[in-house]
Amino acid sequence: MDEKGLSREEVLRLLEEYRKQDMSYSSGRILGSMCTCSHPLAREVYCSFLESNLGDPGLFRGTRDLESRVIGMLGALMGNADARGHIVTGGTEANLMAMRAARNMSETKKPEIIVPRSAHFSFRKAADILRLELREAELDDNYRVDTSSVSDLISDDTVAVVGVAGTTELGMIDPIPELSEICLEEGIHLHVDAAFGGFIIPFLREAGYELPEFDFRLPGVSSITVDPHKMGLAPIPSGCILFRDESSLDAMSIDTPYLTEKQQSTIVGTRTGASAAATWAVMKHMGREGYRKLALKVMGVTFKLLEGLRGLGYIPVTEPELNIVAFNHPSIPPGELAGLLESRGWAVSVASCPPAIRVVLMPHIREEHIEIFLGDLEGLI
Ligand code: PLP
């Protein structure tokens, strides 16, 4: 650190130089991210709650109340207004908490978890941190988990089965009703990772889309991850872990003698209340109607891209269930195609299973961006 500080103006000028190197969602060029521009109201509220600390909630009773109310709203959206949980940093932390609760509630000395091959890499982190053996279940032809493969992997040491409602690479929804039955029969914790799907599937279902149930309405579901900072329009970092009841939180609670609350179940100690306040604000402001409109809008852009790709001779790898399209060029391998698109200013990502270009049609991507993107793709066919 320098001995003498810089002026405010100089600091801001230097920062602007760094910011110029970043991409912006509003450019419409970020095609492979599950994050997006946060809602202006959420941003404003986030800044005004910057100093709140939910790690010491007795000092911030109003913010703690906001967190409980968000949990109540999201629990109700997921079919259980009595769900318990926390606003956390994102899907990774939420999944880690779910695996920790499942492990702590089991007696086994060699805990194992079963995740679909398509599961997010956060489960690898959870397995490493929590010393769990990770077993991967096979996928079916539509890239959803094969439930007979899950059944085959279950052992006396299985502490959790994971199903994904909106896979990271393809946006596919695993057959959660079948997983629920299996887990109920076997007495195993079923965790649904709806980090991506949680803020879109319920609204598409309300709008008449035929998508399977995936939440607490299914009796075997024990916990759900849902990320407000993905399709919920909340600022980063805003994730949420929901448990069917308090017992899962109790299984992780640690004494915190010097704080205003005597026990804590979260991984993080000092933690921002700004995410909870901003999520509360955007959910209250959008309402179900606002999210339903948003869900239908992004699906409209998704189908526009899909149609355009087919028209040009590109090959989609699945029929999209949510707002993700993965596709291939008839002859150029996906890694090479991603490079060609990058050189034209597009940030796409490459899916691994199956290898394909993956585009997430987040709310910042509008029809006009897709038209320009299709124009560039036409030049490559
Ligand atoms: N789960 C799923 C299904 C995801 O798609 C992601 C991220 O894309 C995560 C978990 C991890 O979320 P985060 O990056 O917010 O920790």
Side-chain angles (χ1 to χ4, degrees), residues 25 30-36 38 42 74 78 85-100 113-130 134 136-137 139 143-145 160-176 179 190-202 211 214-215 221 223-242 266-268 271-272 275-276 278-279 298 318 320-326 347-353 358-364:
Y25 296 114
I30 300 181
L31 297 181
S33 173
M34 287 185 153
C35 291
T36 192
S38 50
L74 281 174
M78 301 291 141
H86 286 289
I87 296 300
V88 295
T89 52
T92 300
E93 191 185 344
N95 287 340
L96 181 58
M97 280 183 72
M99 295 303 100
R100 180 171 171 231
I113 58 171
I114 301 171
V115 309
R117 265 195 193 290
S118 54
H120 186 260
F121 56 78
S122 49
F123 292 101
R124 295 190 170 277
K125 295 184 184 176
D128 183 36
I129 294 167
L130 298 168
L134 183 124
E136 284 189 328
L139 306 183
Y143 305 100
R144 301 184 188 106
V145 77
V161 166
V162 173
V164 189
T167 57
T168 310
E169 293 202 330
L170 303 178
M172 302 310 285
I173 305 171
D174 284 331
I176 311 292
L179 293 178
L190 172 57
H191 174 64
V192 177
D193 182 358
F196 183 63
F199 260 99
I200 182 166
I201 300 170
L211 297 173
F214 71 103
D215 58 22
V221 173
S223 55
I224 304 178
T225 288
V226 44
D227 273 3
H229 71 196
K230 294 190 169 71
M231 284 299 293
L233 302 184
I236 298 169
S238 304
C240 177
I241 179 65
L242 296 168
T266 48
I267 293 165
V268 174
R271 61 190 182 94
T272 183
S275 305
T279 303
V298 295
T318 53
E321 287 200 286
L322 298 178
N323 48 330
I324 300 183
V325 176
V348 291
S349 75
V350 180
S352 62
C353 179
R358 159 186 176 269
V359 175
V360 190
L361 285 308
M362 293 302 286
H364 61 268

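Values in this document were obtained by computation on a predicted structure and should not be read as measured data. Every number for a ligand or one of its atoms is a count from 1 in the order of the listing.
Residue Leu190 forms a side-chain contact (heavy atoms from CB on, under 4.5 Å) with just one option from Ile224, Leu179, Val162, and that option is Leu179. Checking each of Thr92, Ile267, Thr225 against Met97 for a side-chain contact (heavy atoms from CB on, under 4.5 Å) leaves exactly one that passes, namely Ile267.
Applying the side-chain hydrogen bond (donor to acceptor under 3.5 Å, both in side chains) test to residues at least two apart or on different chains, the pairs with a partner in residues 165-175 are Glu169-Ser352.
With values rounded to the nearest 0.5 angstrom, Phe214 atom CZ is found 4.0 Å from Met78 atom CE. Ser122 contributes atom OG, which lies 9.0 Å from atom CE of Met99 (distance to the nearest 0.5 angstrom).
Side-chain atoms of Ile30 and His364, non-hydrogen and from C-beta on, do get closer than 4.5 Å to each other.
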When you check ligand 1 against the protein, what N or O pairs turn up below 3.5 Å? List the atom names and distances, or just say none.
| residue | atom | partner | partner atom | Å |
| --- | --- | --- | --- | --- |
| ligand 1 | 1 (N) | Asp193 | OD1 | 3.2 |
| ligand 1 | 1 (N) | Asp193 | OD2 | 2.6 |
| ligand 1 | 5 (O) | Thr168 | OG1 | 2.8 |
| ligand 1 | 12 (O) | Gly91 | N | 3.4 |
| ligand 1 | 12 (O) | Lys230 | NZ | 2.9 |
| ligand 1 | 15 (O) | Gly91 | N | 3.1 |
| ligand 1 | 15 (O) | Asp227 | OD2 | 3.3 |
| ligand 1 | 15 (O) | His229 | NE2 | 2.9 |
| ligand 1 | 15 (O) | Lys230 | NZ | 3.1 |
| ligand 1 | 16 (O) | Gly91 | N | 3.4 |
| ligand 1 | 16 (O) | Thr92 | N | 2.8 |
| ligand 1 | 16 (O) | Thr92 | OG1 | 2.6 |

